[in-house]
Amino acid sequence: MTINSFFLYPKSPFHFDGTFHKPSHFPNKLPLDDWQPGKYWQLMRVGEKLFGLRIEDRGDVYNPKLKVTAYFNFDNLRDDRLKDGKTKLPQSELELIKKEIIYRYELDQDLSDFIKLTKKNKRFTPVFNRWLGMRNSCEHNLYELLIISIVLQNATVHRSVQMLDNLLVKYGDQTEFDHKKFYAIWRPENLKYVSEQKLRNLKIGYRAKFIKRLTEDFIDKKVDEFSLRKMTKESARNELMKLYGVGPETSRILLFEALHHYDAFDHIAPWQQKIYSQLFYNQPLVSANKIKKDIIKHYGRYSMLAVHYIWEDIFWRRKNEKIDWLEKEIRL
DNA sequence: CATCAGGGCCCTG
DNA sequence: CAGGGCCCTGAT
C-alpha cells in the first residue's frame, strides 16, 4: 500500500463537520465511511480504482483548508484489477481524485446567494448560522447512491440496513487503511453475471429485478454519470425517470445529492411530509402541496438546500436529545 | 397464529 | 390517474 497526501482549499465559508457527516443518513453495520469532529474516512472509487481517503480539517470556516491523505494499491482486495502494482500515483490520477473530491463535496461552490437568501427569513436564521458553509455533499458516485436509494424503497430503516449489508458482504469490496476497515459498493461490472435469484437470496425482494436491470444499464452506458452532471435538472430528471425502478422519490434523491441540484424539491414522500409538518408548522400533518408552495416561496431555487440545512440540524440535535415526535416518524 | 404497513414503483384498466 | 401487487420483516 502506498500513500499520497495533498491539500485542498474549499471556497469560504466552509463547514467541515456539516459537510462530511450527515446524521440523517442511516448507519449501516458494515461501514462505508467514518467520521469524528474534524476527521473523515471513506473508500472512494475513481475510475476503476478504489482509494482510501482520510480528510482532515486544517482550517476554519473562513479560512478553510483540508488535508487529504490517499491510500491505494491495497493488498487485500478481491479484485486484482483494482490494484496496478505501481507504487507511485501518476499526477494525472491525482488530479482526477482531487476533481472528484471537489465535485462530491462541493468544495468550489459559491454559496453567497444562498446565504443572502437565508438572512431574509428570520425564522431559521439560527439554523443557517449554525451550519454556515455546510455543503450538500455526497460521498458516493451515482451508481452507489442509486443502490442505496433502491434498498430504501418501501422498507423500514432496519430492513434497508439489512439489505445493504447483505449485498456488501457478498459483492462489496472490503479493505483496510489507516487501521480502519471499510466496505465499498461494488462496480456494476462485478454484478454482471449474478442472477436475479442470487440477489433475491439476499432478502432484497423485488428490488433484485431493479438492481439487475439498473446495473446492466450502467454497464451498457445507458446511464452516464458524467453527462448527467452537465445536464439541466429537467433533462437529468427525464433521463433518470426512464430507468426501471426509478420513480419520483429516487430521482429526487439522485438529483439533489449526487447531481447537486439545489431546487430538486418536486416530490415529498409521506414520511417526510410528517417531519416537515412538525418542523415548519408544529403540526402533525400539513398538505404536501402547501409545504412545497411555502418552501419554494421562501427559498426559491435553493429550496431543497434550505430544507437540507433544517433537516440535518434536527438530526444533529437528535444525537444528544430525545425528540419524541421525531423518534415516532423515523421508524427504525 | 394471521394480518399489515413500511424512507416506492410498475403495471393495468 | 387510481389502485392493486410486490419481497420481506417486525409489530400488533
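So that the names make sense, note that chain A is the first sequence line, chain B the second, and so on, each numbered from 1. Here the structure is a predicted model, which is why all the values come from computation and not from measurement.
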- Task: Answer yes or no on whether A/K49 is positioned over the face of A/F72, meaning its NZ or CZ is under 6.0 Å from the six-membered ring centre and within 45° of the axis.
- Result: no

- Query: Within 45° of the ring axis of A/Y244 and under 6.0 Å from its six-membered ring centre, is that where the NZ or CZ of A/K209 lies?
  - Reply: no

- Counting heavy atoms from C-beta on, name the nucleotide in B/dC9, B/dG6, C/dC6 closest to the side chain of A/P248. B/dC9

- Task: Counting heavy atoms from C-beta on, name the nucleotide in B/dG6, C/dC6, B/dC10 closest to the side chain of A/R159.
- Result: B/dG6

Return no unless some side-chain N or O of [X] is found under 4.0 Å from OP1 or OP2 of [N].
X: A/H158; N: C/dG10; value: yes
X: A/Q162; N: C/dC8; value: no
X: A/T250; N: B/dC9; value: yes

- Item | A/R213 and A/E216 ion-paired at < 4.0 Å | no

- Query: Would you call A/R54 and A/D178 a salt bridge, using N to O less than 4.0 angstrom?
  - Reply: yes

- Atom CD1 of A/I211 and atom P of B/dG8: how far apart are they, to the nearest Å? 15 Å

- Message: In whole Å, I'd like the distance from the CG atom of A/L214 to the P atom of B/dC9.
- Response: 11 Å

- Message: As a test of your reading of the structure, name each stem of DNA chain B as range with range, where a stem is three or more consecutive Watson-Crick or G-U pairs at under 3.5 Å.
- Response: B:2-6 with C:8-12, B:8-13 with C:1-6

- Item | Mutual orientation of the aromatic rings belonging to A/F16 and A/F20 [parallel < 30°, tilted 30-60°, perpendicular > 60°] | tilted

- With under 30° as parallel and over 60° as perpendicular, where do the rings of A/F114 and A/Y309 fit, or are they tilted in between? tilted

- Task: Would you indicate what A/R207 reaches in the nucleic acid, counting non-hydrogen atoms under 4.0 angstrom: base, sugar-phosphate, or nothing?
- Result: base

- DNA chain B: A/K242 or A/W271, which has the more 5' nearest nucleotide? A/W271

Name the pairs: protein N/O against N/O of nucleotides 11-13 of chain B, kept only if under 3.5 Å.
none

